[in-house]
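Report on the following structure.
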Amino acid sequence: MAIRVYDSLTRQTRPLEPRVPGRVSIYTCGVTPYDQSHLGHARPAVVWDAIRRHLMRRGYFVTFVQNFTDIDDKLIRRAAELGRSVDDVARQFIMEYERLMDQLSVMPPDFAPRVTDNIESIVAYIQKLVEQGGAYAAEGSVYFRVRNDPEYGKLSGRRLDEMLEGVRVDVEPEKEYPGDFALWKAAQPEEPAWPSPWGAGRPGWHIECSAMSQRYLGDAFDMHGGGMDLLFPHHENERAQSRAYLGHEAVNVWIHSGLITRGGVKMSKSLKNGIAMEQLLERYAGHVLRTYLLSVHYRHPLDFEEQNLDSWQTALERIYRLWQDVQEAPAAGTLVAADWAASLVHFEERFLAAMDDDFNTAKAFAEVFDMVTATYRGINAGHAEMAKGLARRNLLAADQILRFLPDRTEFGDDRLAEVLLARRNQARKDKNFALADVLRDTLVEAGYEVLDGADGTRIRRLGQ
RNA sequence: GGCGACGUAGCCAAGUGGUAAGGCAGGGGUCUGCAAAACCCCUAUGCCCCGGUUCGAAUCCGGGCGUCGCCUCCA
């Protein structure tokens with residue numbers, strides 16, 4: 001069955017048809033490293049990671065490029081505030097971003113190009129646009145002729161004339177047309193600058209993605225992604241540039257992830273309602289945050305509410321309990337005929353079908369929860385060996401894509417807790433329940449969950 | 001003002017024509033020394049409202065109401 005994806009340009013869901021059979025090339029807009037990363041930066045990264053993993057699971061060879069825009073107005077301003085160089089500030093936040101992504105089990109991109117390492121390509125790209133008449137130099141800057149593209153506005157669903165009604169007043173006077181945007185910005189004092197045919201300066205905001213996607217993926221690639229807020233102007237402009245440069249469409253499918261809101265309002269710096277990942281990761285494990293972001297369909301807005309995150313964590317606990325119970329289970333032997341057994345046997349098909357359907361991770365998780373229930377049903381029905389064997393296989397299959405299992409799955413690695421547990425077991429054997437309860441309370445207070453079962457007692461450190 | 005999205009149980013959330021997934025919270029049971037865990041049963045005759053199309057609509061069409069996003073830097 002083909003993978004179906006929603007394309008922002010055509011506003012339709014259609015089968016994914018890679019340009020080169022068996023291979024999928026992807027470019028996504030990364031971050032401008034001028035400050036700490038917040039949840040809004042994590043969402044697209046996690047979503048794309050799940051998409052990549054699913055494509056790989058389906059047998060595609062995936063090439064994934066995600067850039068860093070390490071020269072830009074915000075970055076220049078920030079560096080000035082901090083009294084440090086732009087490069088220095090950018091490097092710091094890039095490192096922090098990469099560390100956070102690692103905590104969220106996000107695979108590093110195959111290429112993570114930085115704008116400042118690609119200036120020559122960008123200049124060459126602009127030069128060709130100028131030669132073709134798609135762009136013009138003025139006062140040391142270069143602007144893109146937006147009106148040359150009859151399709152300008154199609155991606156973001158707007159019309160040029162309508163858009164300019166509300167355009168801000170301080171339009172650069174050297175522009176031929178107010179809607180034109182800068183490809184190259186003439187150098188300002190105290191700002192980093194590179195040489196170019198139009199004088200010293202630096203790239204405008206949108207050109208880097210056209211130039212770098214072309215450099216790393218070629219004249220055409222399969223998927224282009226980013227947050228919904230990049231649709232306009234960033235992706236609209238990017239599309240116009242690439243079409244002018246190439247004479248054809250560069251992108252096959254445009255994919256945009258929904259924004260994160262708080263109290264229904266978008267997270268943004270100006271409203272000071274962003275949540276730093278750093279801070280969140282102090283209180284929640286990486287896989288809890290990662291999967292919380294995947295618990296909602298990627299195109300829908302996600303209203304961040306700490307209580308909902310807590311509910312999600314509670315839900316995950318049930319999966320972890322099962323995992324600890326089955327991770328060492330041998331492969332299932334004979335199969336019995338029962339509803340729960342069929343459900344365990346066919347789990348992966350259903351799980352992958354959910355992912356095939358526009359990467360419906362919310363539905364995929366529902367399949368996982370169903371599978372957990374079916375497993376316990378089997379265990380309670382007296383078929384523990386078969387149920388556990390299948391559950392182990394199924395959890396590993398789902399985890400390949402969703403990455404919900406904790407990194408450290410051992411429990412009881414705490415010697416003291418083991419001693420307390422042994423004492424409690426003895427107390428219970430002696431029917432000294434008062435002592436047994438005290439020992440249990442002590443373990444619970446120490447952050448353990450105490451699970452009495454038919455085949456002995458297990459303890460499990462919460463949050464793992 | 002223009003363009004676009006969304007509105008499903010107390011809360012979160014799938015579902016785009018065939019009779020409401022999943023999770024959290026809550027109630028009742030089974031099991032257990034007790035508790036926890038686990039399992040079973042229950043919890044939306046209804047999917048913002050009003051019309052329409054259809055044998056049949058949460059899903060399609062029209063009109064409202066509400067919330068949000070983009071139009072300016074933004075993942």
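The shown structure was predicted, so the numbers you read here are calculated from the model rather than taken from an experiment. Every chain is numbered from 1, with letters handed out A, B, ... down the list of sequences.
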task: For Val296(A), report the nucleic acid contact type (base, sugar-phosphate, nothing); a contact means any heavy atom under 4.0 Å.
output: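 It contacts sugar-phosphate atoms only.
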
- request: For Arg78(A), report the nucleic acid contact type (base, sugar-phosphate, nothing); a contact means any heavy atom under 4.0 Å.
  value: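 The residue Arg78(A) makes no contact with any strand.
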
message: Can you confirm whether Arg318(A) is buried at CZ, in the sense that more than 12 heavy atoms of other residues, nucleotides or ligands lie under 6.0 Å from that atom?
response: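 More than 12 within 6.0 Å, yes.
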
message: Check this for me: Glu385(A), atom CD, are more than 12 non-hydrogen atoms of other residues, nucleotides or ligands nearer than 6.0 Å?
response: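 Open.
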
Contact under 4.0 Å: [X] side-chain N or O vs [N] OP1/OP2:
{"X": "Arg424(A)", "N": "C34(B)", "value": "no"}
{"X": "Lys266(A)", "N": "A75(B)", "value": "no"}
{"X": "Arg318(A)", "N": "G23(B)", "value": "yes"}
{"X": "His300(A)", "N": "A14(B)", "value": "yes"}

Base paired to [N] (Watson-Crick or G-U; both N/O distances under 3.5 angstrom):
{"N": "C60(B)", "result": "G52(B)"}
{"N": "U16(B)", "result": "none"}
{"N": "A21(B)", "result": "none"}
{"N": "C34(B)", "result": "none"}
{"N": "G4(B)", "result": "C68(B)"}
{"N": "G26(B)", "result": "C42(B)"}

task: Return the 5'-most residue of the pair Tyr6(A), Ser257(A) with respect to RNA chain B, ranking by each residue's nearest nucleotide.
output: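 First, find each residue's nearest nucleotide; the 5'-ward one identifies Tyr6(A).
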
- prompt: What do the steps show when you test His224(A) against Tyr27(A) for ring pair (Phe, Tyr, Trp, His ring centres under 6.0 Å), and what is the final call?
  reply: CA-CA 5 Å; His224(A) 188 130; Tyr27(A) 185 94; 5.3 Å; yes

- request: Determine, answering yes or no, if Phe433(A) is stacked on G33(B) under the 5.5 Å centre rule and the 30° plane rule.
  value: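 Here Phe433(A) meets both the 5.5 Å and the 30° conditions.
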
message: Looking at the base of A35(B), is there any donor atom on it, or on the side chain of Asp437(A), that sits under 3.5 Å from an acceptor on the other one?
response: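 Checked by distance alone, the answer is no.
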
task: Select one nucleotide: of G33(B), A14(B), A75(B), the one nearest the side-chain heavy atoms of Lys363(A).
output: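 The nucleotide sitting nearest to the side chain is A14(B).
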
